[in-house]
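Okay, structure first, notes after.
Remember, it's a predicted structure, so these values are computed and weren't measured experimentally. Both ligands and their constituent atoms are indexed starting at 1 by order of listing.
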Amino acid sequence: MRILITGAAGYIGSHAVAGLKTQGHEVHGLDDFRAGRPDAPEHLGVPFHALDAGDEEAVFALLRDESFDCVQHFAADVHVSASVREPIPTWENNVGTTTRLLSAVRRAGVPKFVFSSTCAVLGDSGTAFVREDDPICPMSPYGSTKAACERLLEETVSAAAMAGAPFSAAILRYFNVCGAGAGPFGEPIAGSGHDVRLSQVLLDVVQGRREHFTIFGTDYPTPDGTCVRDYIHVDDVVAAHAVVGDRLEPGQLCRYHVGTGKGTSVQEAVEAARQASNHPIPVILGDRRPGDADSVMADSSRLQALGWAPRHSSFASMFASALNHPGPQ
Ligand SMILES: NC(=O)c1ccc[n+]([C@@H]2O[C@H](COP(=O)([O-])OP(=O)(O)OC[C@H]3O[C@@H](n4cnc5c(N)ncnc54)[C@H](O)[C@@H]3O)[C@@H](O)[C@H]2O)c1
């Protein structure tokens, strides 16, 4: 398949370029480098388009000239806390850009679209294993923008079907992505924001960029009192994109949860990182953070029914893959 990947200079997008290329797909990357790596084009070795994914006319011209079979849309503003402080830029980039990109995709007649969504659309569902049809309740502007894009895709697929024009879309809701693998780059170094990922903070401590790791809340109703999350390796996310892109049928709108279904507590993650790194990882016990649910795990049986299965199931192996990745972070 000929695939255009937006957000190709970012963490997951750069892994997707590498992973889908290895599987024999003809991949092009697109990014405007607002958050991605400026050196991505030279490391990824695929045709690269330095464009804003929301520049409808420029993207339309590219899609028309290159005849892609599928657009996989990873480009987005991804910081929850920034979206809470200032929602408008996140709405503009996530919903505005996706709307204009989708318009270009429809005008150019690209038949398939795969969208990066997130478990942040779900909120605190109150159930540990969350299914795709469970009610959603985004708890941040970031989550709201992704939920709005999901709705836009549903309505676009249904309008295309009514018009007799085959168009299909898949929505992949990732749980907590971590690790490094197929891509040329390791796990990105954390910024100074409050919503950096747990694995990034642990890497910071192990690699000397931070003094300690803070556990927020030790009195949750979980076996060791700390929050439990479902961690998924970045290469397994890319594998899900490959399977879903291949299997999409004309006119379909599918939604999948991408997680292992295995819970790891914050305390267990710290222990696993200590063992993988041989570093003591000093810990400070902090208060709960508002909005943190006690346990959130994916029910990914719908994705597994397509033949997908995660290759990494333990946080220890995911963390070790980031720690030992030979590429630049
Ligand atoms: N990292 C996670 O744990 C996680 C979890 C759930 C969902 N997601 C989703 O996965 C996708 C990729 O996330 P990531 O962690 O790789 O983020 P990232 O910030 O590393 O990558 C995003 C990339 O998109 C590019 N970009 C943003 N807006 C653009 C635009 N308008 N035009 C062109 N390029 C643009 C950025 O420059 C960057 O390279 C996002 O859609 C995100 O919401 C990520």
Could you work out, for [atom], the closest of [options] by heavy-atom distance?
atom: atom 38 (C) of ligand 1; options: Asp32, Thr6, Asp31; result: Asp31
atom: atom 43 (O) of ligand 1; options: Phe74, Tyr11, Tyr142, Phe185; result: Tyr142
atom: atom 41 (O) of ligand 1; options: Lys146, Arg197, His49, Gln200; result: Lys146

If you measure from the Lys or Arg side-chain nitrogens to the Asp or Glu carboxylate oxygens, is any gap between [X] and [Y] under 4.0 Å?
X: Arg302; Y: Asp133; value: yes
X: Glu26; Y: Arg2; value: yes
X: Asp299; Y: Arg131; value: yes

With heavy atoms under 4.0 Å as the rule, classify the contact between Pro188 and ligand 1 as side chain, backbone, both or neither. neither

Starting from [atom], what is the nearest protein heavy atom, named by residue and atom, and what distance separates them?
atom: atom 10 (O) of ligand 1; value: Tyr174 CE1, 3.3 Å
atom: atom 28 (N) of ligand 1; value: Asn93 ND2, 2.9 Å
atom: atom 44 (C) of ligand 1; value: Ile12 CD1, 3.6 Å
atom: atom 32 (N) of ligand 1; value: Ala53 N, 2.8 Å
atom: atom 30 (C) of ligand 1; value: Arg34 NH2, 3.5 Å
atom: atom 22 (C) of ligand 1; value: Ala76 O, 4.0 Å
atom: atom 21 (O) of ligand 1; value: Gly10 CA, 3.4 Å
atom: atom 26 (N) of ligand 1; value: Ala75 CB, 3.7 Å

Can a non-hydrogen atom of [X] be found less than 4.0 Å from any atom of ligand 1?
X: Phe115; result: no
X: Asn176; result: no
X: Leu51; result: yes
X: Cys119; result: no

Has ligand 1 got any nitrogen or oxygen that is less than 3.5 angstrom from a nitrogen or oxygen of [X]?
X: Arg37; value: no
X: Asp52; value: yes
X: Gly7; value: no
X: Phe175; value: no

Taking only heavy atoms of [X] into account, list the atoms of ligand 1 that are under 4.0 Å away from them.
X: Thr97; answer: 31 (N)
X: Gly36; answer: 36 (C), 37 (O), 38 (C), 39 (O)
X: Val78; answer: 13 (O), 17 (O), 19 (O), 40 (C), 42 (C), 43 (O)
X: Phe33; answer: 37 (O)

Judged by atom type as modelled, is there a donor-acceptor pair below 3.5 Å linking the side chain of Gln267 to the main-chain atoms of Asp224? no

Can Arg107 be said to sit on top of Phe60's aromatic six-ring, NZ or CZ under 6.0 Å from centre and within 45° of the ring axis? yes

More than 12 non-hydrogen atoms from neighbouring residues, nucleotides or ligands closer than 6.0 Å to [atom1] on [X], yes or no?
X: Asp65; atom1: CG; result: yes
X: Asp219; atom1: CG; result: yes
X: Arg64; atom1: CZ; result: yes

Side chain to side chain donor-acceptor pair (under 3.5 Å) partners of residues 12-23, not counting sequence neighbours, each pair once: none

Do [Y] and [X] have ring centroids that are under 6.0 Å from one another?
X: Tyr142; Y: His79; value: no
X: Phe68; Y: Phe113; value: no
X: His257; Y: Phe175; value: yes
X: His241; Y: Tyr174; value: yes

For a quick check under 3.5 Å, do Thr98 and His73 share a side-chain donor-acceptor pair by atom type? yes

